[in-house]
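Below you'll find the structure, written out as structure tokens, and then a few comments.
Hydrogens, waters and symmetry mates play no part in the numbers below; they use all other heavy atoms, side chains included. Residue numbers start from 1 in every chain, and the chains themselves are labelled A, B, ... in the order their sequence lines are given, proteins ahead of strands. This is a predicted model, so every value here is computed, not measured.
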There are 2 protein chains.
Amino acid sequence: MKVLIIEDDPLHRSYLSEAIRAALPECDGVLEAENGGAGERLARDCKSAHIVMDLQMSVRNGIEAARTIWKERPETRILFWSNYSDEAYVRGVSRIVPVGAVYGYVLKSASDDRLKLALRSIFIESQCVIDREVRGMQQRSLGTINGFTEAEYEILVDIALGLTDRAIAHRRNLSVRSVQNRLQQLYIKLGVYQPLGGQSDEGRFNLRARAIAVALLRKLLNHSALERAEADLSAWLARQPHN
Amino acid sequence: MKVLIIEDDPLHRSYLSEAIRAALPECDGVLEAENGGAGERLARDCKSAHIVMDLQMSVRNGIEAARTIWKERPETRILFWSNYSDEAYVRGVSRIVPVGAVYGYVLKSASDDRLKLALRSIFIESQCVIDREVRGMQQRSLGTINGFTEAEYEILVDIALGLTDRAIAHRRNLSVRSVQNRLQQLYIKLGVYQPLGGQSDEGRFNLRARAIAVALLRKLLNHSALERAEADLSAWLARQPHN
DNA sequence: ATCTTTTCTGCGGGATCCCGCAAGGTCCCG
DNA sequence: CGGGACCTTGCGGGATCCCGCAGAAAAGAT
């Protein structure tokens, strides 16, 4: 059994490597990659089915790497080991998990023991392990309260990319008015809505831009989510008959 | 001589601590804080004039901590030790450095030796040390080419917060038209400008939102810059006669 | 099958944004 | 002092955004 580490911080890499050796005596080889791209290649070559990776790497971010790895071999087991539990990350991960796949998400702030336990659970006992904090986020994000629909999240990303209503309508096959409805919905859920009539005069916000701001502050969006979205967008644009 | 470490990752903290002991035999005490707030308090109490800190900490970010520390004792020497060289960070730091202060900015990806050298240079020889990569950013950011004026940067932040033209005009004591001029300027420099007339039809962007998107993608803005700006904004709002 | 709830859609209008045009300002240089 | 570079401001208008209103379509529920 071999384990592949994908993590760009050398310190964390060596810490991980040691933790793996300690927690998994049956492991007879640890490979290391220092960015997503190299990780994908290594995973393809060495056919390792056991991966521990960081999200947010500078060169190619973890979610993209995981997506392509899982696309090639869905039975691969991946433990995400990240600093943050941003909603953007959690959402990004759960969006790409193949059905029935075994995976884990533990924070770097977790204790030594928790990490080792997670390693054994995922790689040996085939059991998913999600950090409580992350799990909490997931619940909150999917629950009725403060929960964002897939549609709402999608349109949030679209305006964050800077698309106009019309462009969004075109991309999502909707009428312009429907796009605006969803936007309204989004504004309400983000607590940015302006009840009309009341001339709260100063401190007036541009709803569209304000929505993006609070989404960023709440970590509903983050840099890597934006990067992914931008890549998707330009792929879509290329596919369009550019008149 | 005592050195204070402000860094939220325990691994990096212990690595730093060891590096300090190795590089600075004259150091007779290393203190540690795991977030900006605790760091400020410790700095105040122990009167340490030598600090190494991370930017991007979860609780209270490094730039804010540095600002208050330098406000209280401008002669404090601070070495920023960060993962990234985002323009937002570099700009944020150089904005708060007191005149004549001794400080440093080295990336975590730097070698062992470079870190130790930087420690000696700053704390013993009173000489500033800026990582070449960071320095490069600074040059590019201040040079004529691709350089953003303070005014432009300011208005970028304002729209990223979601303010309307009118609100910005009020806040910055300008006419609405001037705000729009600066915006136009910004759009051009961000390469988002729409030459008019040409109905590039699809792929049409909302300039305001698009500008924010590319600023984020280029790391001209990032989460912590936004957080600081948001704090400033609400302080300003509170100071306003709310009609 | 009928009723309810939700979503989609067009219309209309007020507010905002984006920007060309042109009339002052300020500051510096020769 | 005149000229040039730059910033600011007002005006005007077309495009976009935000959203109430109400009918049509779709998805569930009883």
Quiz item: So which one's nearest nucleotide on DNA chain D is more toward 5', A:Thr164 or A:Gln184?
Solution: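 Its nearest nucleotide being more 5', the pick is A:Thr164.
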
Compare the minimum distances between each of [options] and the side chain of [X], then state the nucleotide with the smallest one.
X	options	result
A:Asn206	C:dC17, D:dT9, D:dC19	C:dC17
B:Ser178	D:dT8, C:dG20, D:dC17	D:dT8
B:Arg182	C:dG10, C:dC18, D:dT8	D:dT8

Quiz item: How far apart are the closest heavy atoms of A:Pro74 and A:Ala101, and which atoms are they?
Solution: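 Minimum heavy-atom contact is O-CB, 4.0 Å.
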
Report the distance from atom [atom1] of [X] to atom [atom2] of [N], rounded to the nearest whole Å.
X	N	atom1	atom2	value
B:Arg204	C:dC17	CZ	C1'	13 Å
A:Asp165	C:dT9	CG	C1'	15 Å
A:Tyr187	D:dG20	OH	P	13 Å
B:Phe205	D:dT16	CZ	P	14 Å
B:Glu150	D:dC7	CD	C1'	17 Å
A:Arg210	C:dC17	CZ	C1'	19 Å
A:Ile168	D:dT16	CD1	P	13 Å
A:Leu163	D:dT16	CG	P	13 Å

Quiz prompt | Under the side-chain contact (heavy atoms from CB on, under 4.5 Å) test, residues paired with A:Val59 that sit two or more places apart | solution = A:Asn35

Quiz item: Between A:Arg182 and A:Glu152, is there a side-chain N and carboxylate O pair less than 4.0 Å apart?
Solution: no

Quiz item: Charged N to carboxylate O below 4.0 Å: is that the case for B:Arg172 and B:Glu154?
Solution: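 Here B:Arg172 pairs with B:Glu154 in a salt bridge, since their nearest N and O are under 4.0 Å apart.
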
Practice problem: Can you pull out how bent the helix from C:dA1-D:dT30 to C:dG30-D:dC1 is, comparing the axes over its first five and last five pairs, to 10°? | Solution: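 Angle reported: 30°, given to the nearest ten degrees.
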
Excluding sequence neighbours, so at least two apart, what forms salt bridge (charged side-chain N to carboxylate O under 4.0 Å, His left out) with [X]?
X	value
B:Arg228	none
A:Glu227	none
B:Arg210	A:Glu230
A:Arg73	none

Quiz item: Which residue pairs pass the salt bridge (Lys or Arg N to Asp or Glu O under 4.0 Å) test when at least one of the two sits in residues 98-109 of chain B, sequence neighbours left out?
Solution: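 Sorted pair list: B:Glu7-B:Lys108, B:Asp54-B:Lys108.
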
Quiz prompt | Pair listing, salt bridge (Lys or Arg N to Asp or Glu O under 4.0 Å) test, anchored in residues 123-137 of chain A, at least two apart | solution = A:Arg114-A:Asp131

Practice problem: Could you list the residues that satisfy ring pair (Phe, Tyr, Trp, His ring centres under 6.0 Å) with A:Phe123, not counting sequence neighbours? | Solution: A:His50

Exercise. Please work out which residues in residues 152-161 of chain A have a non-hydrogen atom less than 4.0 Å from an atom of DNA chain D and list them by number.
Key: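 Residues of residues 152-161 of chain A that come under 4.0 Å of DNA chain D do not exist, since none gets that close.
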
Atom pairs under 3.5 Å: protein N/O with N/O of nucleotides 21-29 of chain D:
| from | atom 1 | to | atom 2 | distance (Å) |
| --- | --- | --- | --- | --- |
| D:dC21 | N4 | A:Arg177 | NH2 | 3.3 |

Quiz item: Do B:Gln180 and C:dC19 share a donor-acceptor pair, side chain to base, under 3.5 Å?
Solution: yes

Quiz prompt | Selection residues 92-103 of chain B - residue pairs positive for side-chain hydrogen bond (donor to acceptor under 3.5 Å, both in side chains), sequence neighbours left out | solution = B:Arg95-B:Glu150

Practice problem: Have a look at A:Arg172 and say if it touches a base, only the backbone sugar-phosphate, or nothing, with a 4.0 Å heavy-atom cut-off. | Solution: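 Here A:Arg172 touches no strand at all.
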
